[in-house]
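Some notes on the structure that comes next.
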Amino acid sequence: MATTSGDPSTKPEHIVLGHRTCPLCEATCGLEIGKRGDEWLIRGDRDDPFSKGFLCPKGSAIGALHDDPDRLAGPVIRRGDDPATATWEEVSWDEAFAEIERRLTEVVDTHGRQALGAYVGNPNAHNHESSFFLPPLLRALGSTNLFSASTVDQMPKHVSSGMLFGSPDIIPVPDLDRTDFLLMLGANPVESNGSLCTAPDFPGRLKAIVDRGGRFVCVDPNFTRTAALATDHLAIRPGTDAHFLLALTHEVVSSGAADLGTLAEHCDGFDELAGHLAPFTADAVAPVTGIDAGTIRSLAADLAAAPSAAVYARIGAHTTRFGTLASWATELLNLVTGNLDRPGGAMFPLAAHARRGSGSGRGFVTGRWASRVRGLPEVRAEFPAAALAEEITTPGDGQIRALFTVAGNPVLSCPDAGAIDDALAQLDLLVSVDPWLNETTRHAHVILPPPGPLARSHYDVAFTTLSVRNVAKWSPPTVEAHGPAEWEILARLTLLLGGEGPDGDPWAVAEATLAFQLERAARALDRPVEELRGELTTVGRSGADQVLDVLIRAGEYGDRFGAVPDGLSLDYLAANPHGVDLGPLGPRIPEILRTPDGRIPIVPEPIAADLGRLVADLERDRDGEYLLVGRRHVRSNNSWMHNVRVLVKGKPRCTLLVNPSDAATLGLRDGATATVSSAVGTVAVPVEIADTIRPGVVSLPHGWGHDRKGARLSIAAAHAGVNSNLLTDPEPVDPLSGNAELNAIPVTLSPAG
Ligand SMILES: Nc1nc2c(c(=O)[nH]1)N[C@H]1C(S)=C(S)[C@@H](COP(=O)(O)OP(=O)(O)OC[C@H]3O[C@@H](n4cnc5c(=O)[nH]c(N)nc54)[C@H](O)[C@@H]3O)O[C@H]1N2
Ligand SMILES: Nc1nc2c(c(=O)[nH]1)N[C@H]1C(S)=C(S)[C@@H](COP(=O)(O)OP(=O)(O)OC[C@H]3O[C@@H](n4cnc5c(=O)[nH]c(N)nc54)[C@H](O)[C@@H]3O)O[C@H]1N2
Ligand code: SF4
Ligand SMILES: [Mo]
């Protein structure tokens, strides 16, 4: 399709190159990718049945992001020890892999495989190539030193889901479009566009709740743009969501309003619940949370009485030392109000690449092994990102000497970032699969850059399992890639790590993955593997797309390899480039459960054991405390979108929000610099006086601090900001999940200079 506008001799034609899903945040908006001459013209895809034309400023800038002149065009090897003065040699892919092989062999021969480690970051969740090709790479490392952005994010949710439902990936999402009552804690989807709840145009869906006469209660120490859409805003004291949620649950249960509905027959332990909740009375919790007892009681009554209600908590509630308790308490409140797994409540999506289950499984355990230095338990086969630096810098057997980062920027994103920055400089080998020379990858010996976001196909493996409607969409590459695909880079590293040398054929890994998935599909469908293989149309498809095709065809809505004529396949999705709506979410309990006995333990044993910590915290003296929290802005995304001019222009956004009364007490002036100190670090940051923020709380966004010498981010460097993770402490982690405490950090404040 091509449309002309104006005089063709002066104005180039507007050409639509294609449609695709935006991979930049969890909202999965459909984009129309167009060009006029050299200029990108990105619009929301109005024919996408899920996003219906919605997009945000980041989506509009995806062309600029793709074309960023600072994006590495090919692999580079660092020459020189100091990143600040090093030069980077552009090399061929063969030379890059040969260099990795050389250094890796030295490390493994001298120190063994436990000296290897990996940190994998957030963009992997937006990339089906990583979904299928990272796991083999991590296995090939042959080390337990695995870290990811999950432990600075949503690990508490995985753990509470694992304990309640038997699998860390069975995550209930609020049924936004049908609920009568949304209770939201620690989330700001007007800026973030949502997380663990995929809902393009989240702000519009929130407005719709209120427009249809529903209630939307926003619990946040900051009166955010999301809070402004709510019917009620409760400015909670940071770090006290678990206390608050248990007080609400206590009220529901002790008033006799609890009603598990049809789930009662699948749950164990309801009789013991009241005992566990006893300390969390509204009167005990009110002074801790700063929300008065009357409000807690009436909110509990209203929640229980609502025709349907959904409780949803995110970053602010999860990235605290009580993260797993808060996540569990969220599900608990959904359960006791009868809202788990019912329309308008919290429900379980069913993605196109997934299938219904049998109602039981292997269950979920943690702590099968422990980190070397601090003895922190593994969770989902990884250690807390808060332990990354110490595992690199503490001498001894198993000390990490060679690290692989894939789509991660721990120098800006993880706690005690200064220590991570120092630690990475000590490695014998750092390999980064990353498009940019940034704060982390400047420590790399070799950087392997994948193609940009428009030069790859796309399917959301993670976010279709978290969507408020069941949807399926596959997008082809919009433009040609120059250089190997990300899956090929990962597969070649896998072979190298597996001892196959630097020149392995990535298709060997793709074939093995495909064979594995075909066998699983054959078992599930009770048909011979060769019959399924005979149905495949693989010509011209990437390794990742071939694997995806098998999952979708064997999946819930699949064509079952020819057996269901109208069923889904990759061909079917390719023929429907705007995406396919598979309907609203439906009830899934008990089929979805993976606990060994197929039941839901309401108070899992590890949770019961951890509750004492929360009870003790009710008594803690909080007088005079200043607590640091984070925030997001719609024109940003973690640490890596500050190099796009249209996204960083305007007044500086890396500011410290301070309540006017605190500013007066502390002598801080608007626009002047404040010194902020925590247990681990100090930063100097411009003050923005804001009456939106609760007294005693200050807010600083993360992902800034682009002043590290040796990075190649020309625009970001001019808008450097400060790294808020210089202040976050790696010591207190949520004991059940290993998640870092990135909110509710005790700090001291003073005017700078
Ligand atoms: N204080 C504080 N810290 C936080 C948070 C907070 O709220 N407060 N939030 C946390 C959260 S929720 C998260 S998810 C983490 C994120 O932590 P990370 O995932 O470590 O950091 P990101 O900033 O997302 O960096 C992504 C990296 O991937 C690279 N990249 C971008 N696109 C691609 C691609 O297509 N392929 C590859 N291979 N690389 C790519 C970027 O250049 C960048 O280096 O940060 C956490 N840190
Ligand atoms: N524009 C933009 N979008 C993004 C990202 C981004 O960096 N920028 N990052 C993406 C990623 S990786 C993620 S995980 C999601 C996160 O998405 P969200 O979970 O929506 O995260 P935030 O927007 O940081 O909102 C967290 C809110 O919690 C509040 N808060 C802080 N501490 C507490 C507390 O103790 N209790 C309560 N109740 N509230 C608290 C903060 O004031 C803030 O308003 O966003 C994704 N989308
Ligand atoms: S809201 Fe998220 S998915 Fe939608 S356009 Fe913006 S960044 Fe992309
Ligand atoms: Mo995240």
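Order of listing sets the numbers, starting from 1, for every ligand and every atom in it. Values below: all heavy atoms of this structure, side chains included; hydrogens, waters and symmetry mates excluded.
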| field | Shortest protein contact, atom 34 (C) of ligand 1 (heavy atom only) | value | E486 OE1, 3.8 Å

| Sub-4.0 Å heavy-atom approach of S699 to ligand 2 | no

| remark: Counting from 1 in the order shown, the ligand 1 atoms closer than 4.0 Å to a non-hydrogen atom of G408 are 20 (O), 27 (C), 28 (O), 44 (O)

| From I447, T319, D153 - option closest to atom 14 (S) of ligand 1 by heavy atom | D153

| request: Identify which of V629, T226, D220 has a heavy atom lying nearest to atom 41 (C) of ligand 2. | output: D220

| query | What is the closest protein heavy atom to atom 23 (O) of ligand 1, and at what distance does it sit? | reply | S639 OG, 2.5 Å

| request: Please verify whether a non-hydrogen atom of R456 lies at under 4.0 Å from ligand 1. | output: yes

| message | Between ligand 2 and G630, can you find any atom pair, the residue atom being a heavy atom, that is separated by under 4.0 Å? | response | yes

| query | For atom 15 (C) of ligand 1, which protein heavy atom lies nearest, and how many Å away is it? | reply | V152 CG2, 3.8 Å

| request: Decide salt bridge (Lys or Arg N to Asp or Glu O under 4.0 Å) for D421 and R442; before the verdict, give the C-alpha distance in whole Å, the side-chain angles of both, and the deciding distance to 0.1 Å. | output: CA-CA 10 Å; D421 201 10; R442 77 196 217 286; 3.0 Å; yes

| query | Between atom NE2 of H633 and atom CZ of R653, what is the distance when rounded to the nearest 0.5 Å? | reply | 5.0 Å

| field | Protein residue, atom and distance nearest to atom 19 (O) of ligand 1, heavy-atom basis | value | N122 N, 2.6 Å

| message | E331: which residues meet the salt bridge (Lys or Arg N to Asp or Glu O under 4.0 Å) condition with it, sequence neighbours left out? | response | K157

| task | Quick one: look at S636 and ligand 2, take heavy-atom pairs under 4.0 Å, and tell me if it's side chain, backbone, both or neither. | result | backbone

| query | Quick one: does ligand 1 sit under 4.0 Å from the side chain of P123, the backbone, both or neither, non-hydrogen atoms only? | reply | side chain

| Non-hydrogen atoms of N193 versus ligand 2: any pair closer than 4.0 Å? | no

| query | Within less than 4.0 angstrom of ligand 1, does P450 place any heavy atom? | reply | yes

| query | Taking distance alone, with no angle check, do N638 and ligand 2 share an N/O pair under 3.5 Å? | reply | yes

| message | Considering non-hydrogen atoms of the protein only, which is the closest contact for atom 16 (C) of ligand 2, and what is the distance? | response | I315 CG1, 3.5 Å

